[in-house]
Each structure stands twice: as structure tokens, then as C-alpha cells.
Protein chains: 4
Amino acid sequence: MSGVNKVILLGYLGADPEMRYMPDGTAVANLSIATSESYKDKEGNRQERTEWHRVSLYRRQAEVAGEYLKKGSMAYVEGRLRTRKWTDKEGQERYTTEIVGDRFQMVGSRRDRDGQESANGGSKNGRPASKGSGGGANMDVPPEDFDDEIPFAIAADIARRGLRRVRF
Amino acid sequence: MSGVNKVILLGYLGADPEMRYMPDGTAVANLSIATSESYKDKEGNRQERTEWHRVSLYRRQAEVAGEYLKKGSMAYVEGRLRTRKWTDKEGQERYTTEIVGDRFQMVGSRRDRDGQESANGGSKNGRPASKGSGGGANMDVPPEDFDDEIPFAIAADIARRGLRRVRF
Amino acid sequence: MSGVNKVILLGYLGADPEMRYMPDGTAVANLSIATSESYKDKEGNRQERTEWHRVSLYRRQAEVAGEYLKKGSMAYVEGRLRTRKWTDKEGQERYTTEIVGDRFQMVGSRRDRDGQESANGGSKNGRPASKGSGGGANMDVPPEDFDDEIPFAIAADIARRGLRRVRF
Amino acid sequence: MSGVNKVILLGYLGADPEMRYMPDGTAVANLSIATSESYKDKEGNRQERTEWHRVSLYRRQAEVAGEYLKKGSMAYVEGRLRTRKWTDKEGQERYTTEIVGDRFQMVGSRRDRDGQESANGGSKNGRPASKGSGGGANMDVPPEDFDDEIPFAIAADIARRGLRRVRF
DNA sequence: TTTT
DNA sequence: TTTT
């Protein structure tokens, strides 16, 4: 080992975790986490910039995330950067950077839309899990084609490692 | 501000810093930093994976980096993730993730090719600065078209913010 | 500057923040934050160890902490270690280590004892602030004598820098 | 597990690592690491403050540290805070905070007193290891009484866990 | 492209 | 897509 490659995130999930399973049963959870920072523009007006982060969790961490986290949950993630190279449908080489989470921690609690406590509040997440793209389309979102061209971050693995995509 | 978006890197520069200056004179230094981790593959053989990170430093930090760092230098960088959206020459939207460095620190010292101490050793870097692409082309490298299509990480800024590219 | 001295904490406050003000009006908030880790002892039983951290915040950060945090709040703190040397009443030199917080962030929300949302929930903390030792007395709490022998972490400053202790 | 308790240090060793071994042979290395920060005092003069950190490494990490690090080496350490309670010879309860290192990394290289490369330079450290207090006596060094009253950070363990002190 |  |  040589060097340090560490990422620390604390932010909100923009969508329920996307769960997938490798052929050997290993769980993979993909999170989309927002952090924001505020700054002053040249006119001195306060602006906010939101950054979206793609996080992948594996194994037990993935399972716990899938069980307890959902859209709006706050999460702490510690991990490392990984840039993957892949080829889009035009045959162009492209690169996608994600955070491989080595540890995550649910933080706080948030009233969900039905008025129940979630996350640390203790009740398990009985929702039907992530049912859609998980990606958005406005200016702050991750590449909208993630889910199509590469099914988010681990898509390149499908052919190579035989990931199967799970629908709920 | 809401959330935490923090990156900590400690690794080696794969090339001399690329220096650029904004019209107002603000210095921008782009670093390519390698970190590596070793792991065991399924056969139990030890493998090493190198990750390349694009780091941007600004202002005084950029100037100091340009003066003291060079290819082979080890550097500690603390910063945050930023993903930029840009359009490639085919008109496709693309995303590039870089680390905006809030703080960097030279570490250690390395004999350079002429046998003199560099970096922390104290002597300033009198080299002609980065004269080329700074990007490579093998499997571990950042997108090779960075330098052409988007002159590394801040290219999208050129039109928008009026960056001019500096040649030495 | 040379070197990196960084602490990252995410935990719960064991007591309301203790607020003090320097003669020039600068606010100082002292937090007692608990983190815990679980491990297996030699018999294979799962044990939990709680660590208590003394955190000092200054100026605007202190004011915001005093306003929004209270006992039971979860907080993220980023700071640095500082060890102070002081002399106890027996004339012995002693050392106390605290975290000087450079940034803090309230996280999550917790129903307080009255069933109202606190912290991020938005309502300001109108409580009478920290009225006692701030420490507890069982095995997991901060040393109870902190407040007597050294009035928590900055006590040594009182004579030296003229801090006055504020009661609410 | 609940919460995050993380320390990141990058600094210079003030002394050779102190090596000890538990009865079961587990290696323990104690490092004294200096970081410094500069600031301006009220008169606007630049001042530097050095902070000394007590770091404990265990097992393989300890062995590697004992082999490669020495006084003057630069090291990156990632770990967590731990405060121990102990009783001094006057029977007073006291607290000592140290960093339990979960990971360390040698960085850079430094010419040692004999003009050879050390640390990352590659040659193993064949020196007779830490033979003394490991602490100094001026204002910037670790408390000189650490080694006497509490044999540095793990002294409380000697009775409790049966550590034996190793002399070289 | 780096480095051990 | 999140949140304050």
C-alpha cells in the first residue's frame, strides 16, 4: 500500500438506496448523497452549490444501508475514490468517479412523508426499495445516462463480473 | 453550508504541476496524484491498483505548488469533490470529477534526476514548468482527451470564466 | 505550518454546551461529545467502549453551538488536537488534551424530553444554558473533577487570558 | 458502533519509536509526533506552536514502525482518540489522551545523521532502538514526566494487562 | 504519469 | 434527487 485516498461525506440521500446483488449473493448498495456549500458570488450574493456523490457500499454495509436508509436520510460515509473507465454506446471511452464506501453511519432522524421516524429512529425500512432510475435530470444531477448506459457505477461490472440487476 | 465533502490524499505526482492563470492573475495549479492500494485477487495473489486523482489548487496554494512540487514529489492534499458538467466535441454531456484542494502540504523529499534534494529539501524548483500534456495513455491514466477536449478539469471554465492558458 | 493535525468527530453531546465569554466578548463553547465503539473481549462477548471528547468552539461557531445544540444533540466536529499544560492545586504539572473545533455541524434531529424537535428541527434553544458541572459521574462520563480543578479545558486560561465565567 | 472518532496526523517523530511487547508477544510501538501550526499573535508577529501527539501502534503496524521509523522520520497516522484514566504516585486520578493508530504510513525520506537515506529510502533501520525517555525537556517536547510517572501512555496497562517493558 |  |  502506498498513499492515502480517503473521502468523508456527510449529507442527504437524494433517493432510496439502489440495491443489487452479485451472482454470489454479495449485496451492493448505491447511494446518491448530496452535500452543499454556500459561497458569495462576485456580486456578494450568497449562493449555494450542491454536489452529488455516487457511493457504493458492499456486503454487510450494503445490506444495512438498504434496510435503514432511504430518500432524505442523512448519512456519514467514509471511503475512497475510484474512477472507472467504460465505453459508452458511441464507443467512446469515458470515466466515472465514485466513492467506494468502507464505512457508513446513519445519522439523525427525519420525519418521513407519513410522519413516522426513520433511520436512527429505529423502525426498519419496510418500503418497497428503489423502484426507478434514482438519477435526475436537472443541473445538479449526476449524468442522467448513468442508469441507462452504465447502470450506475457498477454497470461496467455486469459483463465483467456478472452482476445481475435486481428489480423489486 | 450543509454537509461535509472532504477528501484527503497522500500520494505522488505523476507529472509536474500544470500552471495556468486566470485573467485577473489568479494562479491555478493542476496536479495529477497517484495513490495505490494493494489487495488479494480471487487466486490469492497480491495485486496493486493505482488510482489517479485530479487536483486543482488556487491562488497562493497554487503558486507554492508550482514552485516546489514536481513529478515524483509526494504531497498531502485536503480538499473537496467537485463534479463538472461539460459538453464534448460530439455534443454529448459529460461529467468530470476533480478534487478542489483547500490545503496542500509537501511531504518528504525526493532526489530528483540531477541528484539534488527537492521539495522540503528547500531548494526552489527552477525547472521549466510542465510543458506537455501531463496526461498519459495507459490503463491507469485519467481520460487522455482531458487535455484536448477540456484542458484538464478547468477547461469548461475557459469560455465561461475567461481563463487563459499559459505556455512556458 | 508544517504537518497535519486533524480530528473528526461525530457523536452525541453528553450535556448542554457550556458557554463562556472572553473579556473582549468572544464566545467560547465547550462541548462534551461521546463516541462509542464496540469490540469483542477475549471471551468473545461484545463490549462497548464510550469515549468522551472535550471540544472547544470559538466565536461564531460557539454562538451557533450554544443556540442550537443541547444534551443529546448529535454533532459533527472537525478540529485539531491541543494539549494544555497546567498546574493543579497540589502544584503538580498536568496535561489536558482537547479538540479545538474549526468547524461543526449539527446533524439529524432528536426528540427532546418534551417531545419537541430540537437541533436541525429548527426551533432555537431557549433553555437556560448549562448550569452545572457539565460532566456526569458514572464510568462513561467525562472526569467529574474537570470542572473543579480545571474548569473544563480552558480553565487555565482564566488567569492567563482573563476569561470570565458566565452564569445564566 | 456509534459515532466517528478519527484522528489524522502528519508530522515528524521527536524520538525513535519506543517498542514494547505484551506477554503474548504483541508488539506495541509508541510514537511521539510533532505537528506545528503558525499563527499571528496580537502584535501581528508570526508565531509557531508545536503540538506533540502520543501515538500507539499495535501488532504488525508496530513492528513495521519499529523497523522503519526513527527520530526525524515523517509519518502519516490515522487513528482514534483514547483517554485513559490512571492514578499517579500521589494517588490522584489523572487522564492521558493518546491516539490509537489504526494505520500509519511512512512518508518522504530524510537524510539521517549519517547521511544515509532512511524511511522510504528503503534501507531498514538497524539501529539499537529507543534507549531512553523518548521525551525531551524544552518547551516543545512531550512532557518529560510522561516516561517517569506513567511510562508513556500504556503504563496503566502494565499492572492491568501485564505489559512488560523492553530494554534494548 | 508516481511510488514502494 | 436531498437538506437547511
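Just so you know, these numbers come straight off a predicted model, no measurement behind them. Here is the naming used below: chain letters follow the sequence lines, and residue numbers restart at 1 for every chain. All values below were derived from every heavy atom in this structure, side-chain atoms included, with hydrogens, water molecules and symmetry-related copies excluded.
Counting distance only, with no hydrogens placed and no angle test, the side-chain atoms of B:Thr35 and the base atoms of E:dT3 include no donor-acceptor pair under 3.5 Å. Side chain B:Thr50 to base E:dT2: a donor-acceptor pair is found below 3.5 Å.
Residues D:Leu13 and D:Ala75 approach most closely at CD1-CB, 4.0 Å, considering heavy atoms.
Side-chain contact of A:Ser38 with A:Glu48: a donor-acceptor pair under 3.5 Å is absent, judged by distance alone. A:Gln105 and A:Arg103 are linked by a side-chain donor-acceptor pair at a separation below 3.5 angstrom, with hydrogens and angles left out of the test.
For the pair A:Arg49 CZ and F:dT2 C1', the computed distance is 15 Å after rounding to whole Å. Whole-Å rounding puts the B:Glu37 CD to E:dT2 P distance at 19 Å. One atom, CG of A:Asp16, and another, P of F:dT3, lie 12 Å apart when rounded to the nearest Å. Atom P of nucleotide E:dT3 and atom CD of D:Gln105 are separated by 15 Å, given to the nearest angstrom. Rounded to whole angstrom, the span from the CE atom of A:Met74 across to the P atom of F:dT2 amounts to 15 Å. For the pair D:Tyr68 OH and E:dT4 P, the interatomic distance rounds to 12 Å; values are reported in whole Å. What separates CD of A:Glu48 from P of F:dT2 is a distance of 13 Å, to the nearest Å. Summarising the geometry, the separation between CG on B:Leu13 and P on E:dT4 is reported as 14 Å, rounded to the nearest angstrom.
In the set E:dT1, F:dT1, F:dT3, F:dT1 carries the atom at the smallest distance from any side-chain atom of A:Ala15. Closest to the B:Tyr12 side chain, of the nucleotides F:dT2, E:dT3, E:dT1, is E:dT3. Side-chain atoms of B:Ser32 lie closest to E:dT1 of the nucleotides E:dT4, E:dT1, F:dT2. The A:Trp52 side chain lies nearest to F:dT1 when the options are E:dT1, F:dT1, F:dT4.
Inter-residue side-chain proximity for B:Phe104 and B:Leu69 is flagged as met; some heavy-atom pair is nearer than 4.5 Å.
A salt bridge is absent between B:Arg80 and A:Glu51; no separation between the charged side-chain nitrogens and carboxylate oxygens falls under 4.0 Å.
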